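Each remark here refers to the structure printed beneath this line.
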Amino acid sequence: MSPHSLLQNSDRPGERIATLVGKCILNFQRCELLLKRLMPLVDLALDEPEERAKHIESLSFSTLGSLVTAFQEIAFRYDGQNREDPSRPWSALRIEKVFPTEALYAAQRASLADLVKARNHLTHHFLEDHALQDNDSCIQAEQYLERLLERTREWLKDLQRFAGFIDQARVQLANCLADPNVSCRLFRAPPADANEWHALDEIKALRSAEALKAEDGYTDLDAALEYLKSLGVAPDAFMQIGLNSWQQLIAESRCFYLTKEKDEISGRWVRRYKSR
């Protein structure tokens, strides 16, 4: 009997083995396709769209092994692990799964490494280990493939759970970026329109400080800043949104009138503001 003759014949053992091999290979390919979809969603760059497009295109030529290696490097870390990369652009965001312990992190990496090893073994070495020349060898092969099929389902479910986690994180990220108090600090840039200015915490704080206003409706800016300090607002909060001073914040927001007068007694310049 020639090697692997039972697999070549149309008997039931051969058909069952071929079916199991096919199911396993399909699940490995599903894992590979899922990783190709997840990679660009995990590592986000909010600028340089051309470079990002090239990166996404390059993924279509990646093997399962290289995808798993790249995915683990950017998608997983354990609590307390320092993953700061000074070479990453300031506008790059990353969605990560943070494991509470290093042991759980290592177990996840080992599981995905096993995924690659199992796929390579099935693709390149299955027939070396299972001659398929008699019923016993076929039974052993079936048992191996049934265990492997169940394992591929577990790997696929694991990646699908992570895909669900990423989808949730992207929704949360989009909601955060819609808030100027997040996006303006992230990009160190002032609000883009009147609605964003009105929603900014610093503007709300300046308005609350107008409780100190004089009879003419204007509030001394220095007194207001002392009040803001008592509320926990940082003295240099304007720098967090890319501005150089509180005066610039007030002027660019167009939410207030701003005056500048010289005190006749002290000789210092006094800035006052009031809401428009």
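All figures in this text were calculated on a predicted structure; none of them were measured in a lab. All residue numbers in this chain count up from 1 along the given sequence.
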Between [X] and [Y], is there a shared hydrophobic cluster once you connect ILVMFWY residues whose side-chain heavy atoms come closer than 4.5 Å?
X	Y	value
L212	V270	no
I25	V68	yes
F28	L127	yes
L249	W269	no
L228	Y218	no

Between S66 and T69, does any side-chain donor sit less than 3.5 Å from a side-chain acceptor?
->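 There is no such pair (donor and acceptor under 3.5 Å, judged by atom type) between the side chains of S66 and T69.
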If I compare all heavy atoms of [X] with all of [Y], which pair ends up nearest, and what's the gap?
X	Y	result
N27	R153	ND2-CG, 3.8 Å
A141	L132	CB-CD2, 3.5 Å
I241	P191	CD1-CD, 4.5 Å
S245	F238	N-CD1, 3.3 Å
E210	K274	OE2-CA, 3.1 Å
A163	R37	CB-NH2, 3.5 Å

Between atom [atom1] of [X] and atom [atom2] of [Y], what is the distance when rounded to the nearest 0.5 Å?
X	Y	atom1	atom2	value
I250	L243	CD1	CG	11.0 Å
W197	C255	CH2	SG	7.5 Å
T219	Y273	OG1	OH	4.5 Å
I17	Q140	CD1	CD	10.5 Å
L159	L115	CG	CG	7.0 Å
L206	L225	CG	CG	7.0 Å

Side chains of P100 and D79: closer than 4.5 Å at any heavy-atom pair?
->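 SC-SC contact between P100 and D79 ruled out.
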Does the side chain of L67 reach to within under 4.5 Å of the side chain of C31, using non-hydrogen atoms?
->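 Counting from C-beta outward, L67 and C31 never come under 4.5 Å.
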Is there a donor-acceptor pair under 3.5 Å between the side chain of [X] and the backbone N or O of [Y]?
X	Y	answer
E261	R271	no
T123	N120	no
D236	M239	no
W246	A237	no

Are F162 and F71 an aromatic pair by the rule of ring centers under 6.0 Å?
->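 Distance test on ring centres: under 6.0 Å, yes.
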For the residue pair F99 and F76, is the inter-centroid distance of their aromatic rings smaller than 6.0 Å?
->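 F99 vs F76: aromatic centres under 6.0 Å.
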Hey, could you give me each pair passing salt bridge (Lys or Arg N to Asp or Glu O under 4.0 Å) that has a residue in [range]? Not counting sequence neighbours.
range	value
residues 212-223	D216-R272, D222-R268
residues 155-166	D158-R161
residues 242-255	none
residues 107-120	E32-R119, E73-R109

Does NZ belonging to K23 count more than 12 external heavy atoms closer than 6.0 Å?
->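 It does not: K23 NZ has 12 such atoms or fewer within range.
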Would R276 count as a cation-pi partner of Y257, with NZ or CZ less than 6.0 Å from the six-membered ring centre and within 45° of the ring normal?
->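 Ring-cation test returns yes.
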Stepwise, does the side chain to side chain contact (heavy atoms under 4.5 Å, CB included) test hold for L34 with R30?
-> CA-CA 6 Å; L34 189 52; R30 290 186 180 106; over 6 Å; no
Return a table of donor-acceptor pairs under 3.5 angstrom between the side chains of residues 173-186 and protein atoms on other chains or two or more places apart.
residue : atom : partner : partner atom : Å
N175    : ND2  : V171    : O            : 3.3
D179    : OD1  : N181    : N            : 2.9
D179    : OD1  : N181    : ND2          : 3.1
N181    : OD1  : D201    : N            : 2.7
N181    : ND2  : A199    : O            : 3.1
N181    : ND2  : D201    : OD1          : 3.4
S183    : OG   : L177    : O            : 3.4
S183    : OG   : D179    : O            : 3.3
R185    : NE   : Q240    : OE1          : 3.1
R185    : NH1  : N181    : O            : 3.1
R185    : NH2  : E202    : OE1          : 3.1
R185    : NH2  : E202    : OE2          : 2.3

Side chain to side chain contact (heavy atoms under 4.5 Å, CB included) between S253 and L200: does it pass, once the steps are laid out?
-> CA-CA 10 Å; S253 73; L200 198 67; over 6 Å; no
Please list every donor-acceptor pair under 3.5 Å in which a side-chain atom of residues 143-151 meets a protein atom from a residue at least two apart or in another chain.
residue : atom : partner : partner atom : Å
Y144    : OH   : H121    : ND1          : 3.0
R151    : NH1  : E154    : OE1          : 3.0
R151    : NH2  : S111    : OG           : 3.3

